[in-house]
Amino acid sequence: MTDPNPEAAGAASWQLRRATERDLDAIMAIERSTFVTDAWSSDTMRSELAAAHGYYLVAVPVDDGDRVDGYGGLLAPRGAGEADIQTIAVVPHARRHGLGRALMLALIGEARHRGASEVFLEVRADNPGAQTLYRTLGFEEIGVRPRYYQPDEVDAIVMRLTVTTPETTIA
């Protein structure tokens, strides 16, 4: 049985599904609470959700499909060879339970499916937790964009993942 208290460690398991405009209010609530000073506008997020080359996911608890606990987005034109993780955020009570990793792996998988051989992202220099996650997924630092995040004037670390083709081997 799942603990009804979402604050409890391990209280929920999630399913990922494509985000739709129906999810915009929930996504924006997370966006504004996570990225307090540099959150995207609702109009920008709405455009991203509808973009032809975008792929946005939301994470919803299996026992409450109306509650969004995280989201992530990818820009990956088919056949372009490159993809960009546009954004990813997880609500505080769902952090440190593998949800961010699951979202990232799903986005990387979609990038691979669309023919990307490289995936890029920017991460705030003052977010070591996210940087660690990305490094464990194989991303490497390739540059810095000084004062990228405004109005905080925080640098962005640019990271790249070389996407490999999965191989099946005999055990």
Side-chain angles (χ1 to χ4, degrees), residues 3 5-19 23 26-40 44-45 48 54-62 67-76 81-114 116-167:
D3 185 337
N5 176 6
E7 301 295 325
S13 53
W14 295 270
Q15 62 184 9
L16 305 182
R17 64 168 170 76
R18 287 293 296 266
D23 300 308
I27 289 170
M28 289 310 301
I30 298 168
E31 175 80 8
R32 289 183 186 114
S33 67
T34 302
F35 307 112
V36 177
T37 59
D38 60 350
W40 289 3
T44 298
M45 188 66 74
E48 287 289 312
Y55 182 79
Y56 277 72
L57 296 172
V58 291
V60 297
V62 294
R67 188 178 87 215
V68 174
D69 281 351
Y71 65 91
L74 176 75
L75 173 63
E82 295 179 353
D84 291 288
I85 303 290
Q86 298 289 85
T87 187
I88 183 169
V90 174
V91 296
H93 72 261
R95 293 179 187 156
R96 313 285 310 154
H97 297 288
L99 184 53
R101 177 177 297 277
L103 282 161
M104 286 295 295
L105 290 171
L107 295 173
I108 293 165
E110 181 65 17
R112 178 185 293 115
H113 177 72
R114 293 180 179 209
S117 58
E118 295 179 305
V119 177
F120 297 88
L121 59 78
E122 290 97 10
V123 60
R124 288 176 66 109
D126 62 357
N127 190 345
Q131 293 169 40
T132 298
L133 170 62
Y134 304 148
R135 284 188 186 98
T136 66
L137 292 170
F139 283 85
E140 61 182 348
E141 183 178 331
I142 60 168
V144 174
R145 296 179 198 257
R147 298 176 306 283
Y148 181 80
Y149 293 101
Q150 293 297 323
D152 302 330
E153 296 195 2
V154 173
D155 293 349
I157 298 172
V158 181
M159 302 183 87
R160 175 185 60 211
L161 171 70
T162 300
V163 179
T164 58
T165 303
E167 294 181 18

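Worth knowing before you read on, the calculation uses all heavy atoms, side chains too, and leaves out hydrogens, waters and symmetry mates.
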Asker: Specify the closest pair of heavy atoms between A116 and E82, including all atoms of both residues, with the distance to one decimal.
Answerer: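 Shortest heavy-atom separation between A116 and E82 comes out as CB-C, 4.0 Å.
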Asker: Give a yes or no answer on whether the side chain of T87 reaches the backbone of G73 with a donor-acceptor pair at less than 3.5 Å.
Answerer: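 Checked: no pair found.
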Asker: Could you check I88, T136, V119 and say which one makes a side chain to side chain contact (heavy atoms under 4.5 Å, CB included) with M104?
Answerer: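 Testing M104 for a side chain to side chain contact (heavy atoms under 4.5 Å, CB included) against I88, T136, V119 leaves exactly one candidate, I88.
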Asker: Which value, rounded to the nearest 0.5 Å, describes the distance between R114 atom CZ and L75 atom CG?
Answerer: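 Output value for this atom pair is 8.5 Å.
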Asker: Could you pull out the closest heavy-atom pair between V58 and A19, with the gap in Å?
Answerer: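 Heavy atoms only, the tightest pair is CG1-CB, 3.8 Å.
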Asker: Out of curiosity, L107 CG to Y56 OH, how far, rounded to the nearest 0.5 Å?
Answerer: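 It comes to 9.0 Å.
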Asker: Can you list every salt bridge (charged side-chain N to carboxylate O under 4.0 Å, His left out) pair that touches residues 122-137, not counting sequence neighbours?
Answerer: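 Residue pairs passing salt bridge (charged side-chain N to carboxylate O under 4.0 Å, His left out), neighbours aside: D38-R124, E122-R145, R124-D126, R124-D152, R135-E141.
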Asker: Could you state the interatomic distance from NE2 (H93) to CG (L99), rounded to the nearest 0.5 Å?
Answerer: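 Going from the NE2 atom of H93 to the CG atom of L99 covers 9.0 Å.
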Asker: Under a 3.5 Å distance rule, please check whether R101 uses its side chain to pair with a backbone N or O of L133 as donor and acceptor.
Answerer: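 The answer is no, because no donor-acceptor pair under 3.5 Å joins these two groups.
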Asker: Show the nearest heavy-atom pair for residues I30 and A89, with the distance to one decimal.
Answerer: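 Heavy-atom minimum between the residues: CG2-CB, 3.8 Å.
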Asker: What pair of heavy atoms forms the shortest contact from L16 to A59, and how long is it?
Answerer: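 For L16 and A59, the tightest heavy-atom pair comes out as CD2-CB, 3.6 Å.
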Asker: For the backbone of T164 and the side chain of R112, can you confirm whether one donor and one acceptor N or O come within less than 3.5 Å of each other?
Answerer: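 Such a contact is found between R112 side chain and T164 backbone.
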Asker: Which atom pair, heavy atoms only, marks the closest approach of P146 to D155?
Answerer: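 What the structure gives for the nearest pair is CA-OD1, 3.2 Å.
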Asker: So does E31 get a backbone contact from the side chain of T34, meaning a donor-acceptor N/O pair under 3.5 Å?
Answerer: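 Checking the backbone N and O of E31 against the side chain of T34, no donor-acceptor pair under 3.5 Å is found.
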Asker: Nearest heavy-atom pair of D69 and W14: which atoms, and what distance?
Answerer: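 Between these two residues, the closest heavy atoms are OD2-NE1, 2.9 Å.
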Asker: Is it the case that over 12 heavy atoms from other parts of the model lie below 6.0 angstrom from the CZ atom of R96?
Answerer: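 Check fails, neighbour count at 12 or below.
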Asker: When rounded to the nearest 0.5 angstrom, what is the spacing between CD in E48 and CD in Q86?
Answerer: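 E48 atom CD to Q86 atom CD measures 5.0 Å (nearest 0.5 Å).
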Asker: Find out whether W40 and I27 are in side-chain contact, i.e. whether some heavy atom of one side chain is under 4.5 Å from a heavy atom of the other.
Answerer: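 No, every pair of side-chain atoms sits at 4.5 Å or beyond.
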Asker: Does a sphere of radius 6.0 Å around CZ in R17 hold more than 12 heavy atoms from other residues, nucleotides or ligands, not counting ones at 6.0 Å or beyond?
Answerer: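 Check passes, neighbour count above 12.
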Asker: Start with the C-alpha distance between L121 and F139, add both sets of side-chain angles, then the distance that settles side chain to side chain contact (heavy atoms under 4.5 Å, CB included), and finish with yes or no.
Answerer: CA-CA 9 Å; L121 59 78; F139 283 85; 3.6 Å; yes
Asker: Please examine the side chains of L57 and E110, heavy atoms only from C-beta on, and report whether any two atoms are closer than 4.5 Å.
Answerer: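 No; the side chains remain at least 4.5 Å from each other.
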Asker: Under a 4.5 Å cut-off applied to non-hydrogen side-chain atoms, are F120 and I142 in contact?
Answerer: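 Sidechains of I142 and F120: in contact.
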